[in-house]
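All residue numbers in this chain count up from 1 along the given sequence. These numbers come from a predicted model, not from an experiment. We count ligands from 1, going down the list as the structure has it; atoms in each ligand are counted the same way.
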Amino acid sequence: MTGMVITITSGKGGVGKTTATANIGVALAMLGQKVVVVDGDIGLRNLDIVMGLENRIVYDIVDVVEDRCRLRQALVRDKRVGELYLLPAAQTRDKSAVSPEQMVRVCKELCEEFDCVLIDSPAGIEHGFQTALAPAHKVLVVTNPEVSAVRDADRVIGIIESQGKGPAQLLVNRIVPARVRKQEMLSTEDISEVLSTSIIGIVPEDEAILTASNRGLPIVLNGKTPAGQEFMRIARRLLGEPIPVRPPVELSWWQRLFARE
Ligand code: ADP
Ligand code: MG
């Protein structure tokens, strides 16, 4: 098997990389893919928490590259959906603990067994970002409808292209349709005008994401929420389905109520 490595990055921190990695990973597994999500944010790890797997970690990626265990032993299986695994980050080490070459080696081994390898990149453009980028076959850049996030995304997209890893695709996260309508928030058109990058999906602001993350239940497991549904469409688009990208529609209060569990 030769899997595809997808790196999820952003430049700016806190825009939704970990949320996107967890949800796209779960969605791909729900679609029958054999998936591993790799926490590339060494030192800060939180993909395990968002996925609800933190209590089951024994070894991590640093143990793998430093030969304290085999790759298989470090993988934590998510028993809720099909074939989904987590390769956790170390909490007590810094981002230099895994080199880009080591990440490439780990991903090569993972690609022999998995269809999709998703890497949750740390913020910034330093060492940890380079490590997460090195094995990528495809790169998703997450941004929010804010000028600072868009500017950082622009910078990162440039670096990705200059390293021959482009063209990156853009995931616009936390759009609030009502605020876009009132012109209080950048629209997806504003963003794509600045970035001239193709868009893989537009995820609405959804307060249920915070609760879902705290409970370790990625929102895509709740098929009723607009954010969960868009993460599922993003997974389908990644698999090549021609699903048009549309901005989220404005929901009435009762539709929002209905979308919660
Ligand atoms: P990053 O990994 O880029 O630092 P996270 O995925 O940890 O970002 O998200 C940062 C915060 O934003 C978290 O508290 C998360 O729950 C919240 N968040 C992410 N996406 C959304 C969304 N679409 N709607 C509401 N909150 C969101
Ligand atoms: Mg993160």
(request) Sort by chain and number the protein N/O/S atoms found under 2.8 Å from the Mg ion (ligand 2). (result) T18 OG1
Hey, is ligand 1 close enough to [X] that some N/O pair sits below 3.5 Å?
X    : result
D206 : yes
V15  : yes
K12  : no
G14  : yes

(request) For atom CZ of R77, decide whether the heavy atoms of other residues, nucleotides or ligands shown that lie under 6.0 angstrom number more than 12. (result) yes
(request) Without swapping roles, check the side chain of D190 against the backbone of S187 for a donor-acceptor pair under 3.5 Å. (result) yes
(message) Given 3.5 Å as the limit, does a donor-acceptor pair link the side chain of E230 with the main chain of A227, or not?
(response) no
(message) Just to confirm my output: which protein heavy-atom neighbour is closest to atom 12 (O) of ligand 1, and how far is it?
(response) R174 NH1, 3.1 Å
(message) Quick test: of every protein heavy atom, which one is nearest to atom 7 (O) of ligand 1, and how far off is it to 0.1 Å?
(response) T18 CB, 4.0 Å
List ligand 1 atoms under 4.0 Å from [X], heavy atoms only on the residue side.
X    : value
K17  : 1 (P), 2 (O), 3 (O), 4 (O), 6 (O), 8 (O)
G16  : 1 (P), 3 (O), 5 (P), 6 (O), 8 (O), 9 (O)
I209 : 16 (O), 18 (N), 21 (C), 22 (C), 23 (N), 24 (N), 27 (C)
T19  : 5 (P), 6 (O), 9 (O), 15 (C), 19 (C)
L210 : 14 (O), 16 (O)

(request) Indicate, as side chain, backbone, both or neither, the part of N173 found under 4.0 angstrom from ligand 1 when only non-hydrogen atoms are considered. (result) side chain
(request) Just let me know how P204 lines up against ligand 1, side chain, backbone, both or neither, with a heavy-atom cut-off below 4.0 Å. (result) backbone
(request) Consider only side-chain heavy atoms of I, L, V, M, F, W and Y, link residues closer than 4.5 Å, and tell whether L75 and I49 are in one cluster. (result) no
(message) Within the protein, is there a heavy atom lying under 4.0 Å from atom 17 (C) of ligand 1?
(response) yes
(message) As a quick check of understanding, evaluate side-chain contact (heavy atoms from CB on, under 4.5 Å) for R155 and I125, giving each step before the final call.
(response) CA-CA 9 Å; R155 182 121 183 268; I125 50 171; 3.2 Å; yes
Charged N-O contact under 4.0 Å between [X] and [Y]:
X    : Y    : answer
R151 : E146 : no
D41  : K95  : yes
E66  : R93  : yes
R72  : E113 : yes

(message) Side chains of N214 and T211 only: does a donor on one sit below 3.5 Å from an acceptor on the other?
(response) no
What side-chain donor-acceptor pairs closer than 3.5 Å can you find for residues 1-13, not counting sequence neighbours?
| residue | atom | partner | partner atom | Å |
| --- | --- | --- | --- | --- |
| T7 | OG1 | A132 | O | 2.7 |
| T9 | OG1 | S121 | OG | 3.1 |
| S10 | OG | K12 | O | 2.5 |
| S10 | OG | K17 | NZ | 2.9 |

(request) In sequence, state the C-alpha distance, the side-chain angles, and the governing distance for V38 and L110, and then conclude on side-chain contact (heavy atoms from CB on, under 4.5 Å). (result) CA-CA 10 Å; V38 179; L110 289 172; 3.9 Å; yes
(message) Taking only non-hydrogen atoms of A227, do any sit less than 4.0 angstrom from ligand 1?
(response) no
(request) Please step through side-chain contact (heavy atoms from CB on, under 4.5 Å) for the pair D48 and R45, ending with a clear verdict. (result) CA-CA 7 Å; D48 54 327; R45 85 172 190 209; 3.3 Å; yes
